[in-house]
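The next block holds one structure in the form of structure tokens; read it before the comments.
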Number of protein chains: 2
Amino acid sequence: MSSYSPGETAEKSGFSIDTLRYYEKIGLLPGIARNASGRRVFSDGDLQWLGMLRCLRETGMPIAEMLRYSELARGGDETVRERLALLQDHDQRVEEQIARLREQQAQIQWKIRLYSGEICGEPAAAGAVGEGLPA
Amino acid sequence: MSSYSPGETAEKSGFSIDTLRYYEKIGLLPGIARNASGRRVFSDGDLQWLGMLRCLRETGMPIAEMLRYSELARGGDETVRERLALLQDHDQRVEEQIARLREQQAQIQWKIRLYSGEICGEPAAAGAVGEGLPA
DNA sequence: ATTTCACCTGGAGTGCGCTCCAGGTCAACG
DNA sequence: CGTTGACCTGGAGCGCACTCCAGGTGAAAT
């Protein structure tokens, strides 16, 4: 087992068939094989690459940058340093993203505590969960 | 000090003036005051509310849901339970988001280690940082 | 043999969240 | 008094990342 139809690939990769076609069209999936009747045939390697794309995409990397990465990947071993740098930058951004989310989550949880009345026992509290909204 | 021009508000809130207008237009900023000549005047409360919106927005809440939240907030104290539920749901999603990011970051870091040669000492490793990309 | 089915193509359309624009108003400054 | 500058409005436009569509093909099932 090492080659997959578009349908299988969509299922396994989590991308829709349309997205797979789109990715191939813009150059994110270079060298996808075709069978005799012109249909795409995906390999295990393709699936692995799709996994990487998925990971980058879901961590917020824009397509333009994934494109750069995939061009580098096509470029062979001389581009390893650049690829490394790109990934390290991205890793950094993911780190910051997580940190920001944590702070914002804290703010939301503070609000939740406020709403659920776990904070301060003043009678006013029930009626004045200040939203900063005018009456 | 408790009232701000659109410009100041944009600066303090981090939203552009255009976005502030847009938010008012769609109902996310109900009851923004106007001065004699029709210009918007923002209060401290408005700024606080904008802070909340910012937090929700940046944690990935879609505008439609923020809209629901702000309608609830306008609805007074009877909606506190619903608002609480909404925020708890969102908090949950943020939690999951962070968890997913962590996993994906781990994958990226694994790749980084691979690229930086910290993994396995085989000579082949240098030339075969398998991308799953065909030659 | 014909119907079904998964797939193909190029290109148009969609949804979201803004962002920009033209044309106008008003208060303040020199 | 003229000009700046910040703001106003309604509505059009944009960038991103898909997603959908019409019309067609080729292999397989009935």
Practice problem: Starting at atom CD of Glu8(A), determine the distance to atom P of dC5(C), rounded to an integer number of angstrom. | Solution: 18 Å
Practice problem: Answer yes if the side chains of Gln92(B) and Gln88(B) hold a donor-acceptor pair under 3.5 Å, and no otherwise. | Solution: no
Practice problem: For the residue pair Gln105(B) and Arg102(B), confirm or rule out a side-chain donor-acceptor distance under 3.5 Å. | Solution: yes
Quiz prompt | dA6(D) OP1/OP2 closer than 4.0 Å to side-chain N/O of Ser5(B) | solution = no
Quiz prompt | Side chain of Ile63(A) - closest among dT19(D), dC7(C), dC18(D) | solution = dC18(D)
Self-check item: Distance, rounded to the nearest Å, where Glu24(B) contributes CD and dG10(D) contributes P
Solution: 10 Å
Quiz item: 5'-most contact on DNA chain C: Arg21(A) or Tyr22(B), nearest heavy atom basis?
Solution: Arg21(A)
Quiz item: Which whole-number value in Å describes the distance from Glu65(A) CD to dC16(D) C1'?
Solution: 15 Å
Quiz item: Atom CG of Leu50(B) to atom P of dC18(C): distance rounded to whole Å?
Solution: 12 Å
Quiz item: Is any side-chain N of the basic residue among Arg54(B) and Glu58(B) closer than 4.0 Å to the acidic one's carboxylate O?
Solution: yes
Exercise. Verify the distance criterion only: is there a donor paired with an acceptor across the side chains of Gln107(B) and Glu103(B) at less than 3.5 Å?
Key: no
Exercise. Nearest-nucleotide wise, let me know which of Pro62(A) and Ala36(A) is further upstream toward the 5' end of DNA chain D.
Key: Pro62(A)
Quiz prompt | For atom CG of Leu29(B) and atom P of dC8(D), their distance in whole Å | solution = 12 Å
Practice problem: Establish, with yes or no, whether the OP1 or OP2 oxygen of dG17(C) is under 4.0 angstrom from a side-chain nitrogen or oxygen of Thr19(B). | Solution: no
Exercise. Could you check which of dC8(D), dG10(C), dT19(C) has an atom nearest any side-chain atom of Lys25(A)?
Key: dG10(C)
Exercise. Check whether any side-chain heavy atom of Ile63(B) sits under 4.5 Å from a side-chain heavy atom of Tyr23(B), and report yes or no.
Key: yes
Exercise. Give the rounded distance in Å between these two atoms: CZ of Arg39(A) and P of dC8(C).
Key: 7 Å
Practice problem: Give the rounded distance in Å between these two atoms: CG of Leu20(B) and P of dC7(D). | Solution: 11 Å
Quiz prompt | Between dC7(D) (P) and Ile17(B) (CD1): distance, integer Å | solution = 5 Å
Quiz prompt | Donor/acceptor link under 3.5 angstrom from Arg57(A) side chain onto base of dA17(D) | solution = no
Self-check item: Phosphate-side-chain proximity, Arg40(B) and dC7(D), N/O vs OP1/OP2 below 4.0 Å
Solution: no
Quiz item: What nucleotide, of dA17(D), dC8(D), dG17(C), holds the atom closest to the side chain of Pro6(B)?
Solution: dC8(D)
Quiz item: Which part of the nucleic acid, if any, lies within contact of Tyr23(B), taking any heavy atom under 4.0 Å across all strands shown: a base, the sugar-phosphate backbone alone, or nothing?
Solution: sugar-phosphate
Self-check item: Phosphate contact (dT9(C) OP1 or OP2) by Arg34(A) side-chain N/O below 4.0 Å
Solution: yes
